[in-house]
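Bear in mind that the values here come from a model prediction, so they are computed numbers and not experimental data.
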Amino acid sequence: LAAQPERPSGAGSQLLLEILGVGPNRDTRLGGGVREIAQDREIVEVRERLDAWLREHDLFDDTIVVFLGDNGGTLGRNLYNAGLRDFKSSHYEGGHRTFCFLRHPASGFTPGRQVTTPVHGQDLLPTLLALSDVRARGVRFDGHSIEPLARGRPFDDRMFVVQFGLRDRPAKYDAAV
């Protein structure tokens, strides 16, 4: 089961046609967020199929599900970006901050808890290991388990350094740290 939120195809293309109310031979050039609506619907459908399969095989409570975006909000569209400045491919927070949903019923997390403390992709492996009760002996990770945040407990403050540039070769003033 997989969704491709970057470029809906297959089921996503059918969803686009349904949302637009057009047949397969009509013009489907999009605007106003219609493609994003189709992507959202496709993701929900994939999640529902995954949940049904996990329940059918009695794996729902013990399965860790992580759903996250890549870098920043949608490029070139005037859509909701959580109040962050700019969008994908920019040097500002809106270009590299994104969402992450974590579900693991067996951990007893409160469903729907929103965490505003920034975390990093490097935190995922230590988190998955902690939730799976796996100890990595002799290994030091740059990330930290975010399990305390998911449980509403304090989390040590830290600083992130993100280097970002848009070119294959660095150019003056075309990068951010």
Original post:
What residue among His57, Arg49, Arg55 forms side chain to side chain contact (heavy atoms under 4.5 Å, CB included) with Trp53?
Top reply: His57
Do [X] and [Y] belong together in a cluster built from hydrophobic side chains that touch within less than 4.5 Å?
| X | Y | result |
| --- | --- | --- |
| Phe60 | Leu50 | yes |
| Phe109 | Phe101 | no |
| Val134 | Leu125 | yes |
| Val65 | Leu59 | yes |

**OP:** Give, for atom CZ of Arg103 and atom CG of Leu54, the distance between the pair rounded to the nearest 0.5 Å.
**Re:** 7.0 Å
Original post:
For Thr63, which residues count as a side-chain hydrogen bond (donor to acceptor under 3.5 Å, both in side chains) partner, sequence neighbours excluded?
Top reply: none
Any idea which heavy atoms bring [X] and [Y] closest together, and the distance?
| X | Y | answer |
| --- | --- | --- |
| His120 | Arg158 | N-NH2, 4.2 Å |
| His144 | Pro126 | C-CB, 3.9 Å |
| His104 | Asp62 | NE2-O, 3.6 Å |
| Pro148 | Pro154 | CB-O, 3.8 Å |
| Phe155 | Ser145 | CE1-O, 3.2 Å |
| Leu124 | Leu68 | CD1-CD2, 4.2 Å |

Original post:
With a 4.5 Å limit on heavy-atom distance, are the side chains of Leu131 and Leu102 in contact?
Top reply: yes
Original post:
Quick one: are Leu128 and Val66 in side-chain contact, heavy atoms under 4.5 Å?
Top reply: yes
Original post:
Are the side chain of Arg151 and the backbone of Ser107 linked by a donor-acceptor contact shorter than 3.5 Å?
Top reply: yes
**OP:** Under the side-chain contact (heavy atoms from CB on, under 4.5 Å) rule, what do Asp58 and Glu56 come out as? Steps first, then yes or no, please.
**Re:** CA-CA 6 Å; Asp58 199 27; Glu56 179 184 330; over 6 Å; no
